[in-house]
Amino acid sequence: MDPLGWGEIITRILIQFIPVWIALGLTFAVSVTFKRRLGLYGKLFDSVIGMFGFALVMFWVFTGIFGGGFGWIVTHDVLAQISGLKNKEPGIPVPDAEALGLYPYYLMGGDNLARDVFSRMIVGAWEVMKIAPFATLFAFMVGITLGLPAGYYGGRLDTFLSFLANLILAFPVILLFYLLVTPEIVLTGIPVYMAGVLFLFPIIFLTILFNSRFFTQPSKRNIYVALTLAIGFWVYLGIAWDADPLGLISFPPNLLVVFVAVVFVNSPTVFRIVRGLAMDIKTRDYVAAAQTRGEGPWYIMLWEILPNARGPLIVDFCLRIGYTSILLGTLGFFGLGLSPESPDWGSTINEGRKLLSIYLHPALPPAMALLSLVLGLNLLADGLREESLRD
Amino acid sequence: MGLFILRRLGVMILTAICLTFIVFFMTNLYPNLEKLAKTQGNFRMSDAEVTSYLGQNGYLQPMPVKYGQWLGVLPGWTVEVSGGMRGRCVTGTVTAEALAEAPTFCGILQGYWGTSTVFKTEVGEIIATRLGLTAKLMFWVMVLMVPSALLLGVLAGMREGSRTDRTLSTFAITTTATPEYVSGVILIAVFASSAVGLKWFNGTATGAMEDASFNNFFLPVLTIALYGMGYIARMTRASMAEVMTAQYIRTARLKGVKFSDIVIRHALRNALIAPFTVIMLQFPWLLNGVVIVETLFNYKGFGWVLVQAAGNNDIELLLGVSVVSVIVVLVTQLISDIGYVYLNPRINIS
């Protein structure tokens, strides 16, 4: 068989992505139809930039879920090496494909270990989707739980917490990664202890959130708080300490280290943003009204200040997922944390760059993928900012 | 103003002490020391041999004591071994008299940075040469980045919402969304690889360490500059757009002043206050970019040393590198704070 031409390669790639196109089409059709009833999310569809960014982001989200989660889009196993296809150009036919029941082509060529570049790029999206949004969410919970009291109370607490945040921010990120994500440090268990502290914050956040809202209705409050604590500590034991009593939840240790490092680097910035917003909003009239009503400080922080700070926080959340993806890529690029065979984009770029002057195809697809995902998130954030400022 | 600077300096020194202690603590954890002993001695050392090696080299003292010695505020350790004395301030095993003549304190405050186990030379010397190379890189990055970013921001911000603004803003967003390891790979692929065939520039910057030419130095400089450029340009644009809606600009327009004169003589000075801080605060970020780009282009500067030191568990060198980078970050923060107050008369520090 002859190698495919560029036209045929593109057609075949588009065909592989069919589930993504369908899902994207459905999302857009539903969202545009009901956009007047969907609040800020619906307003996004009034701005071209926002829609474009949203499309890019959702493309990678669906690709990650369908490709990595369900194994639909990928053409080959990401670790399978087929001899004779090392560094071969895009569209190269796979020998004996029919007899072995394989997809007949390497659509984007083979890398320097003769693995399929296309499939690795698709599964790389899943690696990002598994970590980036959750790490960002955790960083936000840590930042909000510490930033609200720092901004609301001020004084000594604020000075102390701000000092800590500035301490972490003054650290060059790569140095921090090298210190945290090496096998020797993992051996001492420091990342696990850090996980033990950092992962407590979501539980604290949710417990205070429900408690401050429903403390006048003890029956309701008890149910919510008990549920949060029970589920929270079950997940907490499983993820942070790998000691789930039921044995259902566990977290790969090397992934945990990466997760903790990324949350740790991101939380101080979130803290600073939340603190600034809280300091601004606490002077408003509705906060004074709540104080006069005799509401508790945590109720004011979580149910008066936080909802009114949501605009900038949502925008920053989008930007921060992008930044987290960049950080994950950086980790992969320096070969830290994730296993060397992992198909994540950073590691693939790092592997591909060594032969970059001769073979472009192993390094360029993951690079473009990362670029488009982060660009999409930035455009989405821009669109959201514009639309939320409009009213 | 004096009190303000003094307070900032105090906080800065406290931060530096905390940060260096964290790095010291992390690098001196037992698994790291064990690895050090095995790479310095041999890999088949028994646990007892490791302990005796570490004991002879003063690694088994309590952490705060070791930190104090490293800093130079506590007297250096001395150990008696068979055949003489060993100490922090002397190399190898010496007689008791030689030890008595050596200085009592030897830490970074006395200018004793230790010896690198990878490069086999003085840490201070390595850092000085490598920092020089990185300074060269950073200088050209600044020369390229700051004027183009300011120009981009001013052009986009002077007519908010125009087509120029849209185009330039999209460009700025794209560059901020592209991390160095992506833009570097793309730039090498397009301009330096034999596969595309342009081959305008060199894909490595190793030659630029001795004599930098446009050919071998432009790509690394551009890669770092692009990432920072977008961010500064967006800040400048926002600040410029805000200034352009101010009353005095409208007055000037109604008076019939030429648009170019308004921009250059009235708007520009006020619009450049915010970008100044941003440019200064870019330094820590640029440090990241430097590490990535120096690895990518094989330019053996400060960032490359950081990777080597961290990857090879070179404790003394890593400590030296972190001290320098932490100081760079803190000093730029201080300068940006002071500069902001100085440039913006509306801020009252007391």
Side-chain angles (χ1 to χ4, degrees), chain A residues 49 53 163-164 166-180 182-188 190 319 322-323 325-327 329-330 332-336 345-346 349-350 352-353 356-361 363-364 366-379 381-382, chain B residues 11-12 14-16 18-19 22-23 26-27 29-35 166 169-170 173-174 176-186 188-190 192-196 199 203-204 284-285 287-288 290-292 295-296 303 306-307 309-311 313 318 321-322 325-326 328-330 333:
Chain A
I49 288 188
F163 179 74
L164 279 189
N166 288 338
L167 207 64
I168 303 172
L169 285 176
F171 236 113
V173 175
I174 292 181
L175 184 62
L176 199 66
F177 281 163
Y178 261 112
L179 288 177
L180 272 181
T182 50
E184 284 78 31
I185 301 286
V186 176
L187 249 166
T188 62
I190 287 182
L319 288 176
Y323 181 59
S325 316
I326 292 181
L327 284 182
T330 312
F333 184 77
F334 285 105
L336 295 167
W345 291 335
I349 293 173
N350 183 35
R353 78 182 166 92
L356 197 60
S357 56
I358 322 165
Y359 303 113
L360 300 181
H361 61 268
L364 275 188
M368 298 313 278
L370 184 61
L371 169 59
S372 60
L373 173 66
V374 181
L375 180 63
L377 284 161
N378 274 273
L379 293 177
D382 236 43
Chain B
V11 174
M12 191 182 119
L14 189 62
T15 315
C18 289
L19 282 179
I22 294 172
V23 180
M26 299 284 261
T27 45
L29 285 170
Y30 194 75
N32 274 335
L33 294 178
E34 193 180 344
K35 195 174 159 197
R166 291 271 169 209
S169 297
T170 314
I173 291 182
T174 316
T176 43
T178 321
E180 289 91 350
Y181 51 90
V182 169
S183 53
V185 161
I186 294 174
I188 295 179
V190 174
S193 75
S194 54
V196 170
K199 292 193 97 167
T204 68
W285 290 68
L287 203 65
N288 262 335
V290 163
V291 178
I292 295 171
T295 312
L296 188 61
L306 193 158
V307 173
N313 195 35
L318 189 57
V321 167
S322 1
S325 50
V326 163
V328 167
V329 171
L330 292 177
Q333 274 178 4

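Proteins get letters first, then strands, A, B, ... in listed order; numbering begins at 1 in each.
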Best-contacting candidate, Leu187(A), Thr188(A), Leu180(A), against chain B by heavy atom pairs under 4.5 angstrom: Thr188(A)

Residue among Asn378(A), Ile185(A), Leu360(A) with most heavy-atom pairs under 4.5 Å to chain B: Leu360(A)

Atom group of Tyr323(A) that falls short of 4.5 Å from chain B, counting heavy atoms: side chain

Shortest non-hydrogen contact between Pro179(B) and Leu370(A), atoms and distance: CG-CD2, 4.0 Å

Residue selection (most heavy-atom pairs with chain A, distance under 4.5 Å) from Ile188(B), Ile292(B), Thr170(B), Val11(B): Ile292(B)

Per-residue contact mode, Ile49(A) against chain B (heavy atom under 4.5 angstrom): side chain

Side chain / backbone / both / neither for Ile186(B) at chain A, heavy atoms under 4.5 Å: both

Which atom of Tyr178(A) lies closest to which atom of Gly311(B), heavy atoms considered: CE2-N, 4.3 Å

Partner chain B: residue of Leu319(A), Leu176(A), Leu336(A), Leu175(A) with the largest heavy-atom pair count (under 4.5 Å): Leu175(A)

Contact origin within Leu306(B) toward chain A - heavy atom pairs under 4.5 Å: side chain

Toward chain B, the part of Ile190(A) with a non-hydrogen atom under 4.5 Å: side chain

Greatest number of heavy atom pairs closer than 4.5 Å to chain A - which of Thr27(B), Leu296(B), Thr178(B): Leu296(B)

Straight-line distance of Phe171(A) CZ to Leu179(A) CG, nearest 0.5 Å: 5.5 Å

From Ser325(B) atom OG to Leu19(B) atom CG, the distance as rounded to the nearest 0.5 Å: 9.0 Å

Region of Leu356(A) that comes under 4.5 Å of a non-hydrogen atom in chain B: both

Among the listed options Ala367(A), Gly335(A), Ser325(A), Ala363(A), the residue most often paired with chain B at heavy-atom distances under 4.5 Å: Ala367(A)

Exam field: side chain Tyr181(B) to backbone Ile326(A), donor-acceptor pair closer than 3.5 Å: yes

Region of Asn350(A) that comes under 4.5 Å of a non-hydrogen atom in chain B: neither

From CZ (Phe177(A)) to CZ (Phe333(A)), nearest 0.5 Å: 14.0 Å

Heavy-atom pair count under 4.5 Å with chain A, highest-scoring of Leu14(B), Asn313(B), Val328(B): Leu14(B)

Closest-packed option against chain B by number of heavy-atom pairs under 4.5 Å, given Leu364(A), Thr330(A), Ile349(A), Leu379(A): Thr330(A)

Ile168(A) side, atom CD1; Leu164(A) side, atom CG - distance, nearest 0.5 Å: 6.5 Å

Reference residue Thr15(B); test side-chain contact (heavy atoms from CB on, under 4.5 Å); the match among Val326(B), Leu330(B), Val329(B): Leu330(B)

Closest non-hydrogen atom pair between Ser322(B) and Val23(B), with its separation: OG-CG1, 3.3 Å

Engaged part of Ser372(A) at the chain B interface, taking heavy atoms whose separation is under 4.5 Å: neither

Top of Thr174(B), Leu287(B), Leu318(B), Val321(B) for chain A proximity - count of heavy-atom pairs under 4.5 angstrom: Thr174(B)

Which atoms of Ser169(B) approach chain A - backbone, side chain, both or neither, heavy atom under 4.5 Å: neither

Within-4.5 Å side-chain heavy-atom neighbours: Leu371(A) and Met368(A): yes

